Amino acid sequence: MQYGLLVMGAPYSSPAPHSALRFAYAVLSRGHQLAGVFFYHDGVHNASSLMAPPQDELNLHDAWLELNQQHAIPLDVCIAAALRRGLMNESEAQRHGKQTYNVFSPFELTGLGQLHALQQRADRLITFA
């Protein structure tokens, strides 16, 4: 079975991202496939490279990176929700005249079309809000 994940909760203020990450590993450990993760609404904060949680807490940004590195899972971030919340990659920072940026590969700023494509590829789209 192929799963897609929609993460709508912000790290450290919602249990949604941590639950989604645990679900992703559980799906993969049972031999299923993960078609991708789409970060939407406050979930886009998971893509910020500027998170610096205490050392005894899970760094959710780094945990998503590790999932991508281990399993090549696409990490798509809604561009409209991200820009609204001050998250941008290098090209968006230049386009908007900002001095810095905080979204790096493998997180990719995309439109809602990517969420639709993920829904089409996956047998199940699971929402974590």
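Since we're looking at a predicted model, the values are computed, not measured.
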Next item on the list: Output the distance between atom CZ (Phe39) and atom CG (Asn46), rounded to the nearest 0.5 Å.
Entry: 5.0 Å
Notebook entry, point to check: Counting only N and O atoms by type, is there a donor-acceptor contact under 3.5 Å from the side chain of Ser29 to the main-chain atoms of Ala26?
Noted result: yes
Margin query: So, using ring pair (Phe, Tyr, Trp, His ring centres under 6.0 Å) as the criterion, who are the partners of His18 when residues are at least two apart?
Written below: none
Next item on the list: Write down the atom of Pro17, the atom of Gly9, and the distance for their closest heavy-atom approach.
Entry: CG-O, 3.0 Å
Next item on the list: Sort and list the pairs that fulfil side chain to side chain donor-acceptor pair (under 3.5 Å) and have at least one residue in residues 52-61, not counting sequence neighbours.
Entry: Asn59-Asp62
Check: Do Leu58 and Leu28 belong to the same hydrophobic cluster, where Ile, Leu, Val, Met, Phe, Trp and Tyr are linked whenever their side-chain heavy atoms lie under 4.5 Å apart, directly or via other members?
Finding: yes
Side chains of residues 109-129: which donor-acceptor pairs under 3.5 Å do they make with residues two or more places apart or in other chains?
residue	atom	partner	partner atom	Å
Arg121	NH2	Ala35	O	3.2
Asp123	OD2	Gln2	N	2.8

Check: Mind checking whether Val77 and Tyr40 sit in one hydrophobic cluster, side chains of I, L, V, M, F, W, Y counted as touching below 4.5 Å?
Finding: no
Notebook entry, point to check: Who passes ring pair (Phe, Tyr, Trp, His ring centres under 6.0 Å) against Phe38, sequence neighbours left out?
Noted result: none
Item checked: All side chain to side chain contact (heavy atoms under 4.5 Å, CB included) counterparts of Pro106, not counting sequence neighbours -> Leu65, Asn68, Leu75
Next item on the list: Flag the pair Tyr3 / His32 as yes when at least one side-chain heavy-atom distance between them is below 4.5 Å, and no otherwise.
Entry: yes
Item checked: ILVMFWY network linking Phe23 to Met8, side-chain heavy atoms under 4.5 angstrom -> no
Note to self: By the salt bridge (charged side-chain N to carboxylate O under 4.0 Å, His left out) test, which pairs, at least two apart or in different chains, include something from residues 18-39?
What the structure shows: none
Check: Tell me, which pairs form a ring pair (Phe, Tyr, Trp, His ring centres under 6.0 Å) where one or both residues lie in residues 75-95, sequence neighbours left out?
Finding: none
Notebook entry, point to check: Out of curiosity, His41 NE2 to Cys78 SG, how far, rounded to the nearest 0.5 Å?
Noted result: 8.0 Å
Next item on the list: Would you name the heavy atoms of Leu60 and Tyr12 that are closest together and state the gap between them?
Entry: N-OH, 2.9 Å
Checklist line | Interatomic distance, Leu5 atom CG to Leu21 atom CG [nearest 0.5 angstrom] | finding: 9.5 Å
Scan the side chains in residues 87-104 for donor-acceptor partners under 3.5 Å anywhere in the protein, sequence neighbours excluded, and list what turns up.
residue	atom	partner	partner atom	Å
Asn89	OD1	Ser91	N	3.4
Asn89	OD1	Ser91	OG	3.2
Asn89	OD1	Glu92	N	3.0
Glu92	OE1	Arg95	NE	3.1
Glu92	OE1	Arg95	NH2	3.0
Glu92	OE1	His96	NE2	3.3
Asn102	OD1	Met88	N	3.0

Next item on the list: Would you check, one step at a time, whether the test ring-ring contact (aromatic ring centres under 6.0 Å, His included) holds for Phe107 with Trp64?
Entry: CA-CA 9 Å; Phe107 290 98; Trp64 289 112; 7.8 Å; no
Note to self: Applying a strict under-4.5 Å side-chain criterion to I, L, V, M, F, W and Y, I'd like to know whether Leu6 and Ile73 cluster together.
What the structure shows: no
Notebook entry, point to check: Which pairs with one or both residues in residues 64-87 pass salt bridge (charged side-chain N to carboxylate O under 4.0 Å, His left out), sequence neighbours excluded?
Noted result: Asp42-Arg85
